[in-house]
Amino acid sequence: MAYFFEEPSHTFGEYLLIPGYSSADCIPDNVTLRTPLVKYNKKAGEECPLCLNIPMVSAVMQSVSDDKMAVALAKEGGLSFIYGSQTIEQQAAMIARVKTYKAGFVTSDSNIKPDQTLTELQQLIEKTGHSTVAVTEDGTASGKLEGIITERDFRANRCPPDAKVRDYMTPFKDLIKADEGITFEEASDLIWEHKINQLPIVDKNGHLLYLVFRKDYASHELHPLELQDQERRYLVGAGINTRDYMERVPKLMDAGADVFCLDSSEGFSEWQRRALHDLHEKYGNAIKIGAGNVVDREGFNFLAEAGADFVKIGIGGGSICITREQKGIGRGQATATIEVAKARDEWYKKTGVYIPICSDGGIVHDYHITLALAMGADFVMLGRYFARFDESPTNKLIINGNYVKEYWGEGSNRARNWQRYDLGGAKRMAFEEGVDSYVPYAGRLHDGVRMTISKITHTMCNCGALSIPELQQKAKLTLVSQASIAEGSAHDVLVKNTTIHAE
């Protein structure tokens with residue numbers, strides 16, 4: 001007969017953390033959230049080749065993870081997995097844009113030829129909203145630099161509209177500029193030393209590569225946890241499927257993808273085993289591939305043996321996922337995370353290899369992230385959370401007087417990502433496993449992530465932990481009753497409609 005689990009599965013909302021002893025050192029500034037992203041031989045003293053500076057990655061979804069999101073999240077210390085439900089060329093182009101976006105080094109998107117008119121210059125400034133324009137020989141972002149012109153170099157009502165840009169620009173010979181290879185810190189020093197607002201970076205032939213702006217130094221200081229590779233490029237991941245991976249992965253690697261994730265609603269399958277085998281056979285340790293999703297020990301061990309570099313946990317717990325009600329499969333996210341974490345630890349004791357696990361789905365409140373980490377997750381994957389911000393790729397709308405952003409699942413009719421639910425049959429979706437929805441608009445990603453990280457670090461201090469491994473070692477968790485959950489919110493009072501904003 002069928003196997004029956006004796007205990008019901010639980011969600012994050014059914015647990016609370018019990019405070020532990022907080023020493024004088026337990027302050028948020030002393031907490032590190034650095035966490036491994038891919039497997040490594042921990043017992044042999046090996047260093048993890050890829051780590052996150054915060055334990056947050058964005059979901060492999062059309063409505064969440066594009067190149068804009070990837071840059072914004074990498075600035076905060078996390079990582080995006082750019083969605084794979086698009087053409088190989090489109091996905092590769094997104095990855096390439098992330099990898100060519102150097103922290104503090106901006107590719108000029110306002111460029112003009114020296115023989116164009118001031119009228120054309122004004123039209124360009126109005127179009128881009130940028131008052132600094134690079135003057136290049138061919139009017140492109142990589143053309144030979146002839147000069148720089150800004151709004152302060154001319155007055156529209158005092159200059160002939162057909163006057164040429166070359167007559168008002170600061171010419172190349174008078175520019176303070178720098179050669180290729182300069183660091184951001186060195187570039188910033190030049191800017192402050194010469195009291196200029198921007199510094200062009202050129203190659204040995206005088207072609208424009210980047211612009212470094214004075215204002216970006218302040219931005220750099222705001223993002224001390226930026227997630228970068230050895231060449232100071234942002235790290236970026238890519239979602240792949242089990243159908244076209246042998247054609248897709250080579251082009252994504254050429255574009256610069258740092259890590260991959262087999263994106264599937266259920267990862268305990270022959271298709272994922274074959275994909276992991278084929279890709280590791282071709283690329284060896286040069287490629288890092290996460291796999292999933294699974295919800296129990298057996299699923300984890302299967303993917304670990306197949307060669308997964310990290311394992312993703314969760315079926316049916318996402319806010320837009322209806323897999324459980326459509327197919328009747330899944331498990332409470334907290335229970336799934338706890339069991340898979342135990343399997344991960346058993347694997348480590350047996351092999352010496354530490355395989356990070358990612359809790360994907362079921363996060364409703366910020367404190368659920370801390371619970372997931374305490375239960376054993378190395379990092380969490382979030383969809384709805386990131387879909388709310390300016391940097392997500394969806395439209396911002398007004399619905400019933402409130403700002404919202406569109407958010408849809410990969411299993412919805414809108415996305416039609418049949419590959420994510422592929423069981424080796426016809427190349428189509430048999431039925432929906434996701435919905436099309438709205439989420440409340442939440443402003444800038446930087447502000448939202450900063451608040452979330454603050455809550456996590458404060459809670460960790462309450463538990464006497466200054467790192468994620470220490471939290472997992474010291475955490476004490478308790479199941480709570482429905483009455484306890486109600487008691488934990490404001491109750492028996494009339495709540496004033498006011499909000500306190502943290503500085």
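These numbers come from a predicted model, not from an experiment.
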Would a distance-only check, ignoring hydrogens and angles, find a side-chain to backbone donor-acceptor pair under 3.5 Å from [X] to [Y]?
X: Ser437; Y: Tyr407; result: yes
X: Asn395; Y: Leu397; result: no
X: Thr32; Y: Ser467; result: no
X: Lys474; Y: Gly464; result: yes
X: Gln272; Y: Gly292; result: yes
X: His280; Y: Gly307; result: yes
X: Glu76; Y: Leu73; result: no
X: Gln91; Y: Ile82; result: yes
X: Glu186; Y: Ile182; result: no
X: Asn293; Y: Ser265; result: no

[X] to [Y] - nearest heavy-atom pair and separation:
X: Asn30; Y: Asp25; answer: ND2-O, 2.8 Å
X: Phe12; Y: Ser359; answer: CZ-OG, 3.6 Å
X: Cys48; Y: Leu50; answer: SG-O, 3.0 Å
X: Lys99; Y: Val236; answer: CD-CG1, 3.6 Å
X: Ala465; Y: Val31; answer: O-CG2, 4.1 Å
X: Leu235; Y: Asp258; answer: CA-OD2, 3.2 Å

After noting the C-alpha distance and the side-chain angles of Tyr40 and Glu47, does the key distance pass the side chain to side chain donor-acceptor pair (under 3.5 Å) rule?
CA-CA 7 Å; Tyr40 63 108; Glu47 292 289 328; over 6 Å; no
Between the side chains of Lys349 and Glu346, is the shortest nitrogen-to-carboxylate-oxygen separation below 4.0 Å, so that they form an ion pair?
no
N-O pairing of Asp390 and Lys405 below 4.0 Å:
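Looking at Lys405 together with Asp390, the answer is no, because their closest N to O distance does not fall below 4.0 Å.
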Ring-face cation of Arg331 near Phe5 (centre distance under 6.0 Å, axis angle within 45°)
yes
Ring-face cation of Arg344 near Tyr348 (centre distance under 6.0 Å, axis angle within 45°):
no
Report yes or no: do Tyr385 and Thr452 form a side-chain donor-acceptor pair below 3.5 Å?
yes
Consider only side-chain N and O atoms of Thr394 and Ser63, and report whether a donor and an acceptor are under 3.5 Å apart.
no
Minimum side-chain heavy-atom gap [X]-[Y] below 4.5 Å:
X: Tyr15; Y: Val480; answer: no
X: Glu266; Y: Ile315; answer: yes
X: Val38; Y: Pro49; answer: yes
X: Lys455; Y: Thr370; answer: no
X: Thr100; Y: Thr107; answer: no
X: Pro55; Y: Leu373; answer: yes
X: Arg450; Y: Asp447; answer: yes
X: Leu445; Y: Met69; answer: yes

Could you measure the distance from the [atom1] atom of [X] to the [atom2] atom of [Y]? Nearest 0.5 Å is fine.
X: His446; Y: Lys75; atom1: NE2; atom2: NZ; answer: 10.0 Å
X: Ile18; Y: Asn462; atom1: CD1; atom2: CG; answer: 11.5 Å
X: Glu406; Y: Tyr438; atom1: CD; atom2: OH; answer: 6.0 Å
X: Tyr354; Y: Asn41; atom1: OH; atom2: CG; answer: 14.0 Å
X: Leu16; Y: Ile485; atom1: CG; atom2: CD1; answer: 8.0 Å
X: Leu279; Y: Asp309; atom1: CG; atom2: CG; answer: 10.5 Å

Does the pair Lys312 and Leu303 meet the rule for a side chain to side chain contact (heavy atoms under 4.5 Å, CB included), with working shown?
CA-CA 10 Å; Lys312 205 144 62 75; Leu303 292 177; over 6 Å; no
Using the side chain to side chain contact (heavy atoms under 4.5 Å, CB included) rule, take Leu17 and Leu477 through it: C-alpha gap first, then chi angles, then the decisive distance, then the call.
CA-CA 5 Å; Leu17 283 156; Leu477 296 116; 3.9 Å; yes
Stepwise side chain to side chain contact (heavy atoms under 4.5 Å, CB included) check, Arg97 with Met94
CA-CA 5 Å; Arg97 286 196 290 272; Met94 284 189 181; 3.5 Å; yes
Show your reasoning for whether side chain to side chain contact (heavy atoms under 4.5 Å, CB included) applies to Arg214 and Gln198.
CA-CA 6 Å; Arg214 176 191 289 257; Gln198 68 281 320; over 6 Å; no
Does [atom1] belonging to [X] count more than 12 external heavy atoms closer than 6.0 Å?
X: Lys396; atom1: NZ; value: yes
X: Phe268; atom1: CZ; value: yes
X: Tyr283; atom1: OH; value: yes

Report yes if the distance between the aromatic ring centroids of Tyr245 and Phe260 is under 6.0 Å, otherwise no.
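Tyr245 vs Phe260: aromatic centres not under 6.0 Å.
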For the residue pair Phe81 and Phe310, does the interplanar ring angle fall in the parallel (under 30°), tilted (30 to 60°) or perpendicular (over 60°) class?
tilted
Should the ring pair His368 and His365 be called parallel, tilted or perpendicular, given that the plane angle runs from 0 to 90° and is split at 30 and 60?
perpendicular
Qualifying residue for side-chain contact (heavy atoms from CB on, under 4.5 Å) with Ile456, from Ile369, Leu471, Ile468
Ile369
